[in-house]
Amino acid sequence: MTDLPTETTRKMGLVIDLDTCVGCHACVISCKGWNTENYGAPLSDQDAYGADPSGTFLNRVHSYEVQPEACGTDPAHAAQLIHFPKSCLHCEDAPCVTVCPTGASYKRVEDGIVLVNESDCIGCGLCAWSCPYGARELDLAAGVMKKCTLCVDRIYNENLPEEDRVPACVRTCPAGARHFGDLGDPTSDVSQLVAERGGMDLMPEQGTKPVNKYLPPRPKDTLAAQGMEQGAGDIDLLAPLLAPVTEEAGGFLGWLDRALDKLPGGQS
Amino acid sequence: MHPAPPVIAFTTLSGLGFGLLFFLGLGLPAVTGWVAFIFYAIAYALAVGGLLASTLHLGRPERAWKAFSQWRSSWLSREGCCAVVALLTMGLYAIGAIFLETHWPFLGALGAALSIATVFTTSMIYAQLRTVPRWNMIPLTPALFLTLSLAGGALLAGQESKATGLLVLAGLTLLAYWHQGDRAFDTSGTTIASATGLGTRGQVRAFEPPHTGTNYLLREFVHQLGRKHAARLRVIGFVLAIVLPLLCLALPVGGLALKHALAGLAVLSHIIGVACTRWLFFAEAEHVVGLYYGKR
């Protein structure tokens, strides 16, 4: 039955640090690489070398620009570019599970991972319709729904060295922006990270109670702002030396500049 | 949402078919023999044809039978179960009417209830989705499916006075659905700010999509092309589905042949009109996942 478990023993999931992510897409590639040749049907591509390529991915990295607004006399801070990896959030109240007509979608009691039993999936697509995050994609070659498995075939795999028993995206992230662990255990590293950094849910109003958390980016513009203020912070020690020595051009180029300005149509 | 032809055909045709079965089950008209055969043939062609069309949009149609198992939690599964039970019940009732010239009122009433319940379960597949605010309107979305199905059913069953009333009701529901639906996304509270969780920091703008090409999500959920002629299609759909059939019913004509021709015109116009509004039902529906792509 596709009823959701009332409670799961553990809540395995990811914590994604938006402050650290550099948007290199390495997690996207390692995810596709691992999952296309392991659990379930391969992640197919259509027209991969043609004019209109597309394919199935379980993890995609978006990039957003955030423009802080001017506040009173305070001018607006510089816009910030935030890279935003997005995959299945393994929601506690996963709507994709309950809509499934065949029981192919299920949430595991032992660790909370949401999985698709591909031999039962009829490819109706309703689970993808019910997911607000776009975490599920119908594979056009296999005709079944694909989604993040939290690398269920890695994390318990005793044939792998211990350091590899994490999802492929976590293992590969060169910036250390992805963390894996039990978010149901308040003493776990990931839970403490979430508490410390104010980890947040995506679309909380949709009522899905996602397990995965996102750590908000730290403000990036404080150093520049400190430099603007007089007598505050280390940067002011060097600031006088960094000031432009002269605004006026000298030498031959200076003469040329002034001479050209004097011609009709020049400045002043 | 992508207005996939199989899904439009399914909701339009099976809605009409089950609407007709509803009236036949109530003995409106209480036909027997060959006339009953023709009525039931039309009803089953529409209802079963629609259901078969819906399997065309499955990735693995050969496994469709597995969809009968999850009636406890899934509206799609409930719809499949309800449709089969309704068709079997009305099948028995039809055998009585066609071959035995008898009506079993209890069986007919049960079949009528199951038929209209099937239309309700269809509507709930869409109405349950919080991710599509325009569909997530209870009771308006179920009301739209039910009134259109009943109006079409009455039209096909030749129940002129009932059809007139139900067409007016369906027309009003359609207008209310459009009116409230146009505001649904903005009042849902889901924005790019809540989608990214970055809204408290400033104005969020989608800077770069994950891939330069398209993908399943954009093809399925961000279908902007279909909305291009939305305003015109609303007028066309409303006129064909509601206004023209009403005019055909209201015209005072004497001859039986002319009456039948007008009724045929009303039914045809209604079917095309409902298909047109169903196209808009999908094409105008915006999924919240589009926000991640800076689109709707």
Side-chain angles (χ1 to χ4, degrees), chain A residues 1-3 18 25 28 52-57 60-69 76 79-82 84 86 95 98-104 120-126 128-134 137-140 142-145 200-207 214 216-217, chain B residues 1 55 57-64 66-80 125 128-132 188-190 192 194-221 287-289 291-294:
Chain A
M1 284 290 174
T2 47
D3 293 328
L18 297 178
H25 292 242
V28 178
D52 188 21
S54 70
T56 311
F57 286 79
R60 293 178 185 266
V61 179
H62 297 251
S63 297
Y64 297 102
E65 180 200 69
V66 179
Q67 174 65 65
E69 277 161 50
Q80 209 176 330
L81 187 63
I82 293 159
F84 198 97
K86 187 163 57 60
T98 51
V99 298
C100 177
T102 68
D120 277 349
C121 175
I122 58 173
C124 69
L126 192 57
W129 289 18
S130 74
C131 173
Y133 309 109
E137 300 191 16
L138 188 77
D139 189 88
L140 289 187
V144 295
M145 199 52 74
M200 59 191 182
D201 288 348
L202 305 186
M203 293 188 186
E205 73 283 355
Q206 288 274 335
Y214 283 75
Chain B
M1 302 293 290
T55 62
H57 100 288
L58 298 180
R60 304 296 293 253
E62 76 279 9
R63 298 178 187 156
K66 292 192 176 188
F68 296 118
S69 65
Q70 304 301 312
W71 48 270
R72 262 175 39 182
S73 51
S74 164
W75 279 108
L76 182 51
S77 183
R78 282 173 202 163
E79 191 224 22
I125 294 171
Q128 68 174 331
L129 296 172
R130 288 185 83 163
T131 49
V132 185
S188 73
T190 298
I192 193 169
S194 77
T196 58
L198 301 169
T200 51
R201 318 172 68 80
Q203 204 69 38
V204 185
R205 185 171 74 91
F207 184 77
E208 207 174 29
H211 293 81
T212 48
T214 185
N215 63 33
Y216 167 75
L217 301 170
L218 291 170
R219 283 191 298 265
E220 189 79 357
F221 302 124
H287 195 288
V288 293
V289 78
L291 293 169
Y292 284 109
Y293 291 84

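Chain naming here is simple, since letters A, B, ... match the order of the sequence lines and numbering starts at 1 in each.
Top candidate by heavy-atom pairs under 4.5 Å with chain A, chosen from B:Y293, B:F221, B:W75, B:F68, is B:F221. Ranked by heavy-atom pairs under 4.5 Å with chain A, the first of B:S188, B:A195, B:A206, B:G197 is B:A195. Interface remark: of the candidates A:P53, A:G125, A:C131, A:C131 forms the most heavy-atom pairs closer than 4.5 Å to chain B. Annotation: maximal heavy-atom pairing with chain A below 4.5 Å, among B:V204, B:L291, B:I125, occurs at B:V204. Among A:A79, A:G123, A:P101, the residue making the largest number of heavy-atom pairs under 4.5 Å with chain B is A:P101. Per-residue heavy-atom pair counts under 4.5 Å with chain A were compared for B:E79, B:H57, B:E62, and the maximum is reached by B:H57. Contact count versus chain B (heavy atoms, under 4.5 Å) is highest, among A:P216, A:A142, A:A104, for A:A142. Top candidate by heavy-atom pairs under 4.5 Å with chain A, chosen from B:T190, B:T55, B:L129, B:T212, is B:T190. When B:P210, B:G59, B:G213 are compared by the number of non-hydrogen pairs under 4.5 Å with chain A, B:P210 comes out ahead. By number of non-hydrogen pairs under 4.5 angstrom with chain B, the leading residue of A:G55, A:P204, A:S63 is A:S63.
Interatomic distance, CG of A:D3 versus CD of B:Q70, reported as 8.0 Å (0.5 Å rounding). Between atom CD of residue A:E137 and atom CD of residue B:E220 there is a gap of 11.0 Å, rounded to the nearest 0.5 Å. The line from CD of A:E65 to CD of B:E208 is 12.0 Å long, rounded to the nearest 0.5 Å. Atom CD1 in B:I192 sits 10.0 Å away from atom NE2 in A:H62 (nearest 0.5 Å). Here OG1 of A:T98 is found 13.0 Å from CZ of B:R72. Values are rounded to the nearest 0.5 Å.
The two residues A:M203 and B:V288 make their nearest non-hydrogen contact at CE-O, 3.9 Å. Contact detail for B:A67 and A:I122: the closest heavy-atom pair is CB-CD1, 4.1 Å. Across all non-hydrogen atoms, the minimal contact from A:Y133 to B:V289 is C-CG2, 3.6 Å.
Under the 30°/60° scheme for interplanar angles, the aromatic rings of B:Y292 and A:F84 are found to be tilted. Between B:H211 and A:H25, the ring-plane angle classifies as perpendicular under the 30° and 60° cut-offs.
Between A:V144 and B:R63, the closest side-chain pair of non-hydrogen atoms falls below 4.5 Å. Residues B:T196 and A:V66 fail the side-chain proximity criterion, which asks for heavy atoms closer than 4.5 Å. By the 4.5 Å heavy-atom criterion applied to side chains, A:V99 and B:L76 are not counted as neighbours. Side chains of B:S74 and A:C100 form no contact here, defined as non-hydrogen atoms less than 4.5 Å apart.
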Open item on the list: Could you go through A:L140 and B:R219, starting from their C-alpha distance and side-chain angles, then the distance that decides it, and tell me whether this counts as side-chain contact (heavy atoms from CB on, under 4.5 Å)?
Closed with: CA-CA 12 Å; A:L140 289 187; B:R219 283 191 298 265; 3.7 Å; yes
Open item on the list: Before you tell me yes or no, could you show the steps for B:N215 and A:F57 under side-chain contact (heavy atoms from CB on, under 4.5 Å), namely the whole-Å CA-CA distance, both residues' side-chain angles and the distance that decides it to 0.1 Å?
Closed with: CA-CA 9 Å; B:N215 63 33; A:F57 286 79; over 6 Å; no
Open item on the list: Between B:Q128 and A:L126, does the side-chain contact (heavy atoms from CB on, under 4.5 Å) criterion hold? Intermediate values first, please.
Closed with: CA-CA 11 Å; B:Q128 68 174 331; A:L126 192 57; 4.1 Å; yes
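Looking at A:C124, both its backbone and its side chain come within 4.5 Å of chain B, counting heavy atoms on both sides. In this structure, chain B has no heavy atom under 4.5 Å from any part of A:P95. Of the atoms belonging to A:D52, it is side-chain heavy atoms, and not backbone ones, that fall under 4.5 Å from chain B. There is no contact between A:Y214 and chain B, counting heavy-atom distances below 4.5 Å. Of the two parts of B:L198, the backbone and the side chain both hold a non-hydrogen atom closer than 4.5 Å to a non-hydrogen atom of chain A. Proximity to chain B is limited to the backbone of A:V61, based on heavy atoms less than 4.5 angstrom apart.
The 12-atom threshold is not exceeded at CZ of B:F207, counting heavy atoms of other residues, nucleotides or ligands nearer than 6.0 Å.
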